[in-house]
Amino acid sequence: MPLRVYNVLGRKKEEFKPIREGHVRLYVCGPTVYDHTHIGHAKLYVSMDIVVRYLRYLGYSVRYVQNITDVGHLLDSGEDRIVKGVRRERVEPMELVERFTRYYFRDMDALGVIRPDISPRASGHVPEQIALAQTLIDDGHAYEANGSVYFDVSSWPAYGKLSGRQVDEMESGARVAVLGEKRHAADFALWRKAEPDHILQWDSPWGRGYPGWHAECSAMASKYLGQPFDIHGGGLENMFPHNECEIAQSEAATGVPFANYWLLAGSLTIDGVKMSKSLGNSITIQDALKRWKPQVIRTLVLSTHYRNPLDFSETAIQATGRGWERINSTANRIRQQLRTAEEGEIDAGFASFLKEHRASFIEKMNDDFNSPAALGVLHDATHGINSHLSLPGSPSRGTLEAVDQLYSDLAGDVLGILTEEATGGASAEREAGLIELLLDLRSKARKDKDWVSADRIRDGLRKLGVAVEDRPDGAGWRIER
RNA sequence: GGCGACGUAGCCAAGUGGCAAGGCAGGGGUCUGCAAAACCCUCAUCACCGGUUCAAAUCCGGUCGUCGCCUCCA
């Protein structure tokens, strides 16, 4: 079964067909870097990370572009977001955005989110955004008014095709701030005139100003991916107006489609309510990482379909953590046993069990990246693997290698939820060797019924975060924290 | 007010016409020096009402409820 994705543009699942065979060009709206990243970002970018990882698993060559918004954009109060951060942190604007850009990457790295191939900064693409506005003016889709440039929604009948909104409906909405210089309430800024004290401003054909808040994505996506490109990802809450405006201005400027598939992720709530700084229930990724393993945070995100909302709660993440532990500890145990396994082929029946589960995992992921169902397959597989391994006798090297391959491909490469000790590394190897040396000593003590020594080793290891587990075929261990 | 999504066991969550995946928690066992882990067994007619159908959690209509967006955050 081929990969099918739910395309928000058209609101239905479609078979995914890239423009160029074997290649996928993907754009995802990135963060505004004026404050710390929070778990809402984690939900969105882990979701998109899975899309990228899975496409690569399928063999596609993916070019992933994600912007860094460092030019501000206005808050409700009329204040520029970057300016707000500058005031709070008492630094230069570029110092602020550099700082939070680094924090963003640091946090995403910690969560195992693979970096985009290109992370273009909006501030570095002002000429491209000016050119976009100019093209739209030249073609009659935009107009200049009092030093600002607005997109003329009435010139583009397709406006609203992504969100399903009608311009007329919005006009009646009393909450749309109507600027006197705009011809239509729904017209949006491509370029804004800057007041003299506005910190971030550039020269333009219309005087000093700064880009409108949708321009950067259009300009940078087409610059690095061409147009049309394959997939545009982002958060559902940005469908309107942001994504809608991107489409309108990009398609009006070029006459060709912007992106073929729109994949939008559901948002995150905390204990049932929206997370927002004003409500004071915002959790930064740094704080979350102090309490939970990054792999557990990822697993929580994956346990809900990316298009659905995720409710983050203490009970939810704890339950996820325990379930995750089963998969991770089994994967680790396989790694350990592989070190001392005896040569031997895999049993044919068990080989086909693994093969079926891999196929089933792929089938779920092919259905619009159904990670919760795929995770279910992994749990099923783990169940069967543990059953098989609890049979008398030591598993052969062939068996262990096949299981290790399954975990490493699906739980490791695609979902990114395995811990370090399951994936190797020089330091991990040494640590494992030391632990196993101690377990050797303990095994000798147990044989001599020297329970005091045996328990001293077990308790000592536990204090270091290593849990010892006795099994019929010898003692195993796993990292608990 | 407008647009949209959702409502499946104590909790989380797949499933879009044909006997309701999976995880957590709970109950009962096995193994074990003790412990932990693992294994075995067990635990739901799908918000409500009406309709279509041989057959509906799945389709249609209505009711109630929750959430999101329309305005800064992803």
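Note on naming: letters A, B, ... go to the chains in the order of the sequence lines (proteins, then strands), and numbering restarts at 1 for each one.
- The interatomic distance linking A:Glu325 (CD) with B:A38 (C1') rounds to 13 Å, in whole Å.
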- prompt: Are A:Thr399 and A:Ser396 close enough, and set up right, to give a side chain to side chain donor-acceptor pair (under 3.5 Å), and what steps lead you there?
  reply: CA-CA 5 Å; A:Thr399 300; A:Ser396 68; 2.9 Å; yes
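- When rounded to the nearest whole Å, the span between NE2 of A:His41 and C1' of B:C73 equals 7 Å.
- Ring-plane geometry between A:Tyr103 and A:Phe100 is classed as perpendicular, the angle between the planes exceeding 60 degrees on a 0 to 90 degree scale with a lower cut at 30.
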Report each atom pair, protein N/O against N/O of nucleotides 41-46 of chain B, whose distance is under 3.5 angstrom.
none

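- RNA chain B is contacted by A:Ser303, A:Thr304, A:His305, A:Asn308 of residues 300-312 of chain A, taking any non-hydrogen atom closer than 4.0 Å.
- Taking atom C1' on both B:A9 and B:U32, the two are 33 Å apart, rounded to the nearest angstrom.
- Between the P atom of B:A14 and the CG atom of A:Asp367 lies a distance of 12 Å, rounded to the nearest Å.
- The distance between atom CZ of A:Phe188 and atom P of B:C70, rounded to the nearest whole Å, is 16 Å.
- Straight-line distance from the CG atom of A:Asp70 to the P atom of B:C73: 14 Å, rounded to whole Å.
- In this structure B:G18 sits in a base pair with B:C54, meeting the Watson-Crick or G-U test at under 3.5 Å.
- One atom, OH of A:Tyr34, and another, P of B:C72, lie 11 Å apart when rounded to the nearest Å.
- Here, B:C6 and B:A47 have their P atoms 13 Å apart, quoted to the whole Å.
- Cation-pi contact between A:Arg307 and A:Tyr6: present, with separation from the ring centre below 6.0 Å and deviation from the ring axis of at most 45°.
- When each of A:Gly234 and A:Ser390 is assigned the nucleotide of RNA chain B bearing its nearest heavy atom, the one mapping closer to the 5' terminus is A:Ser390.
- At B:C67, none of the side-chain N or O atoms of A:Ser267 fall inside 4.0 Å of OP1 or OP2 (strictly under the cut-off).
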query: Step by step, would you call A:Arg358 with A:Glu356 a salt bridge (charged side-chain N to carboxylate O under 4.0 Å, His left out)?
result: CA-CA 5 Å; A:Arg358 180 184 290 262; A:Glu356 280 162 22; over 6 Å; no
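- Counting non-hydrogen atoms under 4.0 angstrom, A:Leu378 reaches nothing in the nucleic acid.
- Taking the six-membered ring for Trp and thresholds of 30 and 60 degrees, A:Tyr45 and A:His41 have nearly parallel ring planes, at less than 30 degrees apart.
- The shortest distance between the side-chain N/O atoms of A:His379 and the OP1/OP2 oxygens of B:G23 is not below 4.0 Å.
- Other residues, nucleotides and ligands contribute only 12 or fewer heavy atoms inside 6.0 Å of the CZ atom of A:Arg456.
- Distance check: A:Leu263 CG to A:Phe369 CZ gives 6.0 Å after rounding to the nearest 0.5 Å.
- The aromatic rings of A:Phe188 and A:His214 sit perpendicular, their planes meeting at an angle over 60°, well past the 30° parallel limit.
- Nearest-nucleotide positions on RNA chain B place A:Asp380 closer to the 5' end than the other of A:Pro31 and A:Asp380.
- Exactly one of A:Phe258, A:Tyr261, A:Tyr224 qualifies for a side-chain contact (heavy atoms from CB on, under 4.5 Å) with A:Phe229. That residue is A:Phe258.
- Summarising the base pairing, B:C6 is matched to B:G65 through a Watson-Crick or G-U wobble pair whose two defining distances lie under 3.5 Å.
- Proximity of A:Ser387 to the phosphate of B:C40: a side-chain N or O atom is located under 4.0 Å from OP1 or OP2.
- Applying the Watson-Crick and G-U wobble criteria (two distances, each under 3.5 Å), B:G26 pairs with B:U42.
- As rounded to whole Å, 16 Å separates atom P of B:A37 from atom CD of A:Gln336.
- Taking 3.5 Å as the limit, the base of B:C69 and the side chain of A:Arg165 contain a donor-acceptor pair of atoms between them.
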message: At under 4.0 Å between heavy atoms, how does the protein contact nucleotides 25-35 of chain B? Give one character per nucleotide, 5' to 3', with B, S or -.
response: S-------BBB
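- Looking only at side-chain heavy atoms (C-beta outward), A:Cys217 and A:Tyr27 come within less than 4.5 Å of each other.
- The closest donor-acceptor contact from the side chain of A:Asn7 to the backbone of A:Gly10 lies at 3.5 Å or more, if one exists at all.
- Proximity of A:Asn386 to the phosphate of B:C39: a side-chain N or O atom is located under 4.0 Å from OP1 or OP2.
- Spacing of P atoms, B:G17 relative to B:A56, comes out at 14 Å, to the nearest Å.
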Steps toward salt bridge (charged side-chain N to carboxylate O under 4.0 Å, His left out) verdict (A:Glu436, A:Arg339): CA-CA 11 Å; A:Glu436 273 154 34; A:Arg339 265 189 271 276; 3.5 Å; yes
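- Distance check on atom C1': B:G10 versus B:G51 gives 34 Å, rounded to whole Å.
- The 12-atom threshold is exceeded at CZ of A:Arg106, counting heavy atoms of other residues, nucleotides or ligands nearer than 6.0 Å.
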